[in-house]
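Computation of the quantities below employed the complete heavy-atom set of this structure, encompassing side-chain atoms and omitting hydrogens, waters and symmetry-equivalent molecules. Given the structure is predicted, the values throughout are model-derived calculations rather than measurements. A note on names: the letters A, B, ... follow the listed sequences, proteins ahead of strands, and every chain is numbered from 1.
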2 protein chains.
Amino acid sequence: MTTNRHVPASAPTISEVAKAAGVGRATAARTLGGYGSVGAETRNKVEAAALRLGYQTNELARSMSTGETKTLGVVVADIGNPFFAGVVRGISDYCENRGYNIVVLSTDENVAKERSAVELLRNKRVDGLIVASAAIKAQSADHISAAVKRGTPVVLVDRAIRGLDFDTVLIDNRDAARLAVAHLISHGHRRIGFVWGPETASPPVSVSELLAAAENALWSDGERLQGYLAALFESGIEFDADLVTTTPKNREDAERGVARMLALPCRPTALFATEADATIGALNAIRRAGLGYPRDISLIGFDDNPWAGVIDPPLTMVSQPMLELGQRAAEQLINRIDGNRAEHSVDVLSTVLIERSSVTGPLNAGE
Amino acid sequence: MTTNRHVPASAPTISEVAKAAGVGRATAARTLGGYGSVGAETRNKVEAAALRLGYQTNELARSMSTGETKTLGVVVADIGNPFFAGVVRGISDYCENRGYNIVVLSTDENVAKERSAVELLRNKRVDGLIVASAAIKAQSADHISAAVKRGTPVVLVDRAIRGLDFDTVLIDNRDAARLAVAHLISHGHRRIGFVWGPETASPPVSVSELLAAAENALWSDGERLQGYLAALFESGIEFDADLVTTTPKNREDAERGVARMLALPCRPTALFATEADATIGALNAIRRAGLGYPRDISLIGFDDNPWAGVIDPPLTMVSQPMLELGQRAAEQLINRIDGNRAEHSVDVLSTVLIERSSVTGPLNAGE
DNA sequence: CTGTTAGCGCGTTCAC
DNA sequence: GTGAACGCGCTAACAG
């Protein structure tokens with residue numbers, strides 16, 4: 001009497017099912033795998049045996065011989081961040097319909113981590129990659145080009161990489177910013193602060209210097225800054241270097257940057273924050289300065305969410321289609337995997353400016 | 001001259017490396033796989049060849065023969081939800097340190113989807129499963145017990161399953177609720193509304209009826225309700241069925257439920273919302289009723305987040321350790337996979353009541 | 001220390 | 001319509 005207690009009976013293989021059904025393994029494989037043709041009677045025998053033994057196909061072995069894993073690799077900065085979580089949800093939903101799964105890795109905006117994430121995923125033989133890259137320029141993105149060159153399709157999401165032409169799904173960063181700032185200008189504002197400017201050692205003094213710095217920022221950040229400058233330019237408003245933060249990208253530093261602006265002899269009458277944390281930082285700074293919005297200062301934030309609507313007064317926000325961003329990226333990638341190749345495509349989704357109550361004219365503003 | 005343009009050279013195998021290095025495949029495998037022992041000179045030859053050919057180990061094949069995928073399956077209600085996104089981030093971080101990866105699936109609180117997710121993951125031969133189950137009781141969780149029975153370790157996160165003893169990582173739901181409500185009571189409140197009560201056809205009229213309904217709710221929801229009732233009981237406050245919502249679990253219905261309470265002849269002087277969406281719904285209802293907090297009604301919400309601190313007045317909230325929840329779950333699971341088995345353990349993490357400014361005495365309240 | 005050989009479980013020719 | 005045999009790339013046990 002063998003006492004193999006706690007030794008879980010390893011899952012039945014297809015050969016075991018074949019034996020139990022009294023047929024050859026190939027026949028069993030055909031009926032269970034749903035390919036080739038099998039006699040009705042044989043099919044029944046096999047299916048009965050499979051059911052009885054509780055057969056489940058081993059996807060690993062299947063992938064081994066078919067060469068496809070039905071799995072996509074997803075590389076983002078931080079899966080805990082609501083924005084990326086939304087994008088991933090979009091990817092995940094679309095994948096479900098097409099029979100794919102995803103394995104997600106976070107990089108914390110660290111290119112080295114991104115590089116090893118991509119490598120790992122390729123070694124796992126994912127069928128394709130969706131990455132929101134931290135790479136600023138082509139030369140730091142060799143891991144991406146290597147992947148596509150060696151046959152792993154890649155689509156970039158949320159951020160393009162300067163100097164690289166790949167399938168990409170983006171939002172209209174520049175226009176979103178331009179429109180938001182134009183909205184402020186249309187309300188009469190001319191001194192408009194920009195929160196989440198490029199992080200620089202010494203504060204940039206000229207527009208060209210600022211644009212150069214933007215070139216070394218993440219794609220989305222750079223684009224939004226350009227949109228801000230474009231809006232000013234279009235209205236003939238002179239750029240003031242004091243009205244752009246150059247602090248590190250986190251809530252506390254954003255708050256510090258805004259606090260500095262608010263302490264200016266001639267402070268801004270409106271603020272445009274280009275990230276969720278920038279928005280919260282700005283809100284904190286406004287309160288700490290003893291000011292109120294929109295009374296003392298108007299405010300537009302980025303990344304709309306339910307809280308922006310319940311806060312008092314409700315915030316005017318730029319809303320990004322996170323789910324759709326992910327969905328489209330997955331769609332584009334899977335189509336390419338399926339061989340429906342097309343020229344490399346860039347998909348640009350629109351944001352929406354949700355007007356609530358944080359913007360008024362500058363009339364009441366201090367000074 | 002063969003024109004195999006665009007046919008990406010398939011990744012070099014270990015045999016090719018072996019041949020290129022002039023050694024047997026096993027030797028190459030040993031040096032590249034980092035096991036067994038190899039002569040210094042041979043090792044160099046192999047490594048050089050591997051580097052030259054750009055060899056990368058095929059994890060699929062490796063998993064095939066080792067029987068482990070170094071991959072964990074994660075099943076949650078919605079990866080797009082900030083709470084689960086945080087938990088997943090915690091899992092992901094811990095996994096990275098132990099050399100594991102995760103594939104994440106969302107179920108939308110649908111047990112059928114959960115069942116097939118678990119099945120799929122097992123077919124992919126994940127080494128273990130972390131699941132925030134939608135199953136209320138043991139009988140609807142056979143997919144979980146089947147998994148552990150057949151040798152796939154499982155740890156439950158955020159929710160236990162009634163009648164099932166598995167490794168679990170939870171927060172102190174009942175205490176969190178009890179303390180929050182006690183906090184309200186200590187400020188003098190006696191009519192305290194509970195938002196996110198069990199969804200029932202006909203409103204429950206007695207405590208026992210309510211408790212019965214709680215038994216058919218998600219673990220966390222049921223526990224929080226029990227904590228609420230316990231706090232009332234401890235202070236000798238009589239339960240009023242009118243003060244518990246029985247609406248479906250979403251923001252709009254929560255708002256509707258609160259609106260009903262606020263329209264009561266003798267409305268509550270305080271509210272306890274046990275979910276992020278419940279909190280937002282409550283906030284909306286309060287505003288729509290033309291009331292203000294904490295002046296007209298005190299409020300404690302659940303799932304602290306940055307916005308709760310910038311909203312005006314800042315909200316007193318229960319804060320959950322999302323990252324740690326995920327971390328501990330991953331730790332427990334990987335330890336079990338590594339064979340450091342122990343008796344089934346239940347890990348309960350503490351929440352924190354973050355006091356801000358949404359709670360005062362009921363003195364000013366209507367009535 | 002090294003090379004040979006046998007699987008892992010499944011898909012896929014190829015004869016029967 | 002059916003079954004035998006081979007290959008995917010790697011690890012592992014066994015000789016040498």
Side-chain angles (χ1 to χ4, degrees), chain A residues 8-47 49-50 53-71 120 122-127 150-151, chain B residues 8-47 49-50 53-71 120 122-127 150-151:
Chain A
S10 59
T13 75
I14 214 165
S15 333
E16 297 179 319
V17 175
K19 195 182 305 172
V23 301
R25 32 181 142 220
T27 308
R30 271 188 287 258
T31 84
L32 266 18
Y35 59 93
S37 42
V38 202
E41 201 169 332
T42 335
R43 142 160 283 117
N44 285 337
K45 278 195 300 186
V46 174
E47 283 174 344
L53 270 57
Y55 171 79
Q56 293 289 121
T57 132
N58 181 333
E59 297 292 345
L60 225 52
R62 188 204 288 273
S63 293
M64 193 77 200
S65 58
T66 61
E68 56 182 24
T69 53
K70 289 296 181 184
T71 299
L120 173 65
R122 288 180 58 202
N123 292 348
K124 287 217 164 201
R125 298 297 186 265
V126 295
D127 294 337
R150 298 268 186 98
Chain B
S10 61
T13 74
I14 213 165
S15 330
E16 297 179 320
V17 174
K19 194 182 306 170
V23 303
R25 36 176 140 223
T27 308
R30 270 188 289 258
T31 83
L32 265 19
Y35 59 94
S37 39
V38 201
E41 202 169 330
T42 336
R43 139 160 286 116
N44 285 338
K45 279 194 300 185
V46 174
E47 282 173 345
L53 271 56
Y55 171 79
Q56 292 289 120
T57 131
N58 181 332
E59 296 292 345
L60 227 50
R62 189 203 289 271
S63 294
M64 193 76 202
S65 62
T66 60
E68 56 181 24
T69 53
K70 289 295 181 186
T71 299
L120 173 65
R122 288 180 55 201
N123 292 349
K124 288 218 164 200
R125 297 299 187 262
V126 295
D127 294 336
R150 297 269 186 97

Donor-acceptor pair, distance only, cut-off 3.5 Å: does the side chain of Glu47(A) make one with the backbone of Asn44(A)? no
Whole Å only: how far is the [atom1] atom of [X] from the [atom2] atom of [N]?
{"X": "Leu32(B)", "N": "dA12(D)", "atom1": "CG", "atom2": "P", "answer": "14 Å"}
{"X": "Lys45(B)", "N": "dG3(C)", "atom1": "NZ", "atom2": "P", "answer": "8 Å"}
{"X": "Met64(B)", "N": "dG9(C)", "atom1": "CE", "atom2": "C1'", "answer": "4 Å"}
{"X": "Leu60(A)", "N": "dG9(D)", "atom1": "CG", "atom2": "P", "answer": "14 Å"}
{"X": "Glu41(A)", "N": "dT2(D)", "atom1": "CD", "atom2": "C1'", "answer": "14 Å"}
{"X": "Lys124(B)", "N": "dC10(C)", "atom1": "NZ", "atom2": "C1'", "answer": "15 Å"}
{"X": "Glu68(B)", "N": "dC10(D)", "atom1": "CD", "atom2": "C1'", "answer": "13 Å"}

Separation between CZ (Arg43(A)) and CZ (Arg30(A)), nearest 0.5 Å, reads 11.0 Å
Applying a 4.0 Å non-hydrogen cut-off, can you work out what Ser63(B) is touching in the nucleic acid: base, sugar-phosphate, or nothing?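 Touches nothing.
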Can you tell me if Thr13(B) touches the phosphate of dC8(D), counting only side-chain N or O atoms and a distance under 4.0 Å to OP1 or OP2?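 No.
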Please report the shortest heavy-atom distance between Leu53(A) and Pro12(A), naming the atom on each side.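 Nearest pair, atom of Leu53(A) first, then Pro12(A): O-CG, 3.4 Å.
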Which atom names give the shortest non-hydrogen contact between Leu60(A) and Arg125(B), and what distance separates them?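 So the two residues come closest at CD2-CB, 4.2 Å.
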What nitrogen or oxygen pairs link the protein and nucleotides 11-13 of chain C at under 3.5 Å?
| residue | atom | partner | partner atom | Å |
| --- | --- | --- | --- | --- |
| dG11(C) | OP1 | Arg62(A) | NH1 | 2.8 |
| dG11(C) | O4' | Ser65(A) | OG | 2.8 |

Non-hydrogen side-chain atoms of Thr13(A) and Asn58(A) separated by less than 4.5 Å: no
Exceeds 12 heavy-atom contacts within 6.0 angstrom, atom NZ of Lys70(A):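 Yes - once you tally the heavy atoms of other residues, nucleotides and ligands closer than 6.0 Å, there are more than 12.
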